[in-house]
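Just so you know, ligand 1 is whichever comes first in the structure, and atom 1 is the first atom listed for that ligand. No experiment lies behind these values; they were computed from the predicted model shown.
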Amino acid sequence: MSSRITLLPDHVANQIAAGEVIQRPASVAKELLENAVDAGANSIQLIIKDAGKTLIQVIDNGIGMDSTDIRLAFERHATSKIKVAEDLFDLATKGFRGEALASIAAIAHVETHTKTENDEVSHCLKIEGSKVVEQTISTQPQGTSIAVKRLFYNIPARRNFLKSDTVELRHVIDEFHRVALAHPEIKFTFYNNGSELFDLPVDSLRKRIATVFGAKWENQLVPVEEKTSLVGLNGFIVKPIFAKKTRGQQFFFVNNRFIKSPFLHHAVTSAFEGLIKPGFHPGYFLYLIVDPKSIDINIHPTKTEVKFEEEQNLYAIIRASVKHSLGVFQVAPPLDFDKDPTMDLPYAYKNRTPNLPPIEVDSSFNPFKGEGNLFAKKIAPPAQWESLFTENIVEPPIEETLMPLLDVPQASRVFQLFSKYIVCPLKSQLLLINQTRAHQRILYERFLNAITNRKGQSQQLLFPQTMTLSPLQLEHFKQLHDIIEDLGFQVNLLGQQLEISGAPISCPVSKVTNTLETLLEEIDESSDSHFSQADQIAKALAKALAIKTGDVLQQEEQQALIDDFFGCKETVVSPFNRQIFITLDKTELDKKLNG
Ligand code: ADP
Ligand code: MG
């Protein structure tokens, strides 16, 4: 008998990897732009057609590649940026996985021209779906040009999943912003369908922000600057009166790499507290320089998330620095000075030897260990980084319970209030969480993840359920069939009868048909102007299945909710943009009860 297990051929492995790294044209733009930056270019062009669906090309004047490197660049795990595992802890470049180009080449037609300083000629390589179709010599200037055409040509499901040009272009612009704002020392141009969208000369950061978002921005910015042994912080915050209703202009960069961090975001918003109207969001462009050894960028394949060693201290520093800037530049109403002792920083502060801000921080507190460990979940130690994404979120099978029951040893630390809030004492804060919104956030991310990665976890139903579809539902079902299966539903259509033999693990058995009904009823597939279909579906399901106000939760359910919640990528707002939690500071309490 022949062996059951075989190794996947490289082009198949690359296609699978591409599913993680390349979701849409914007992901290609991001990878190519970052490679150009890593190559030391000081001038980078981004050229796209039809929002990247037809062409995404990046031309740089960086170090280029020789005839060997151009071939190696498209091999999986081929990178010039790390050599040994230890290098992972000392990253100065944006890339390091060595899988972007291999992934892109597996799902598109890629034409590369590249020339190093020492080569007389440039080299050209054409690859289609991982297959090299041509390697020749060409006559291009020093640097690299990579053109990606016909993205997802061999994965029709992915291609069909792309949104309108407006939506896809928006995503490409977002990625472009992130790279352009991280590197004002590089000249960037960006063309879509032959017309110029951006022409950004080498500039100061303030000017770069203004050229990207519009000249009026220059006067809306207030500088932030701080230096401690832990972090160098600089950048700008937007004056509170210019706060926006959308969360558009919120940027954190760590060592010149754009990152998302709900935790640090909270540090900034809390500094703005009381200065902007409810429903408005502060704008900020904050640049952190930290020792590369103290961060782990490797926790997500698209690398927008980072783990910091001293998150609590960073939080305090950012909050205090932002408050300081708001105070120094007198953009805060004077009244506020009386209200918060952390604002009482002397104006000469800026010239003093840098110190940690006067905020109580327990330096022995390690947010990744032990009690009160909110942020440690799903962050594996760096040694296991390769397995991180194969393991993902593993949920225990459940039947009628709403929440998976996890074995978490902090049961006594949380409690439920008014069948509505979960109260969770932390080291120096009290956290009050809206249970519905938190659960919506958890479910939303889980479903979105299931759809994008096509691996929703399914539970078999003991007794298959059936439902009869209306003509409209039938139409929708045909369109959403793939997504429905990706979510974890196991379905079989016989005429108008839908037989359901399996359902997503987060969907209680009693709610299976209702949930499908909601899904088929509410999805308006024509409206992709704002939200993608996946986003809509994940939202609809999150809303339908989230625990409600009035639902009494067992102790373990509360704990599991908290744990799952803090494993979320975003923790500040629900999928419907509602605030999920508030905190009560020990300092505030002390003032009221102990002052
Ligand atoms: P990574 O960036 O993680 O190393 P990539 O697949 O993005 O992986 O790129 C593989 C390698 O190809 C890079 O390490 C680099 O050596 C080379 N490379 C890619 N793009 C460029 C470029 N624009 N200029 C020079 N070298 C490049
Ligand atoms: Mg790269």
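Within the listing of ligand 1, atoms 22 (C), 23 (N), 24 (N), 25 (C) sit less than 4.0 angstrom from a heavy atom of T144. Remark: ligand 1 atoms within the under-4.0 Å shell around heavy atoms of A100 are 6 (O), 7 (O).
At least one heavy atom of M65 sits less than 4.0 Å from an atom of ligand 1.
Side chain to side chain, D291 and S294 fail the donor-acceptor criterion of an N or O pair below 3.5 Å.
Heavy-atom contacts from other residues, nucleotides or ligands closer than 6.0 Å to CD of E196 number more than 12.
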H109 and E111: CA distance, side-chain angles, deciding distance, side-chain hydrogen bond (donor to acceptor under 3.5 Å, both in side chains) verdict: CA-CA 7 Å; H109 290 191; E111 180 172 336; over 6 Å; no
Derivation of the salt bridge (charged side-chain N to carboxylate O under 4.0 Å, His left out) call for R71 and E75: CA-CA 7 Å; R71 284 296 281 262; E75 296 289 329; 5.8 Å; no
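The side chain to side chain donor-acceptor pair (under 3.5 Å) test with S145 singles out one residue from Q57, H113, K115, and that residue is Q57.
At a heavy-atom distance under 4.0 Å, only side-chain atoms of A39, from C-beta outward, approach ligand 1.
Between L101 and ligand 1, a contact under 3.5 Å exists for at least one N or O pair. Not one N or O of D38 is nearer than 3.5 Å to an N or O of ligand 1, by distance alone.
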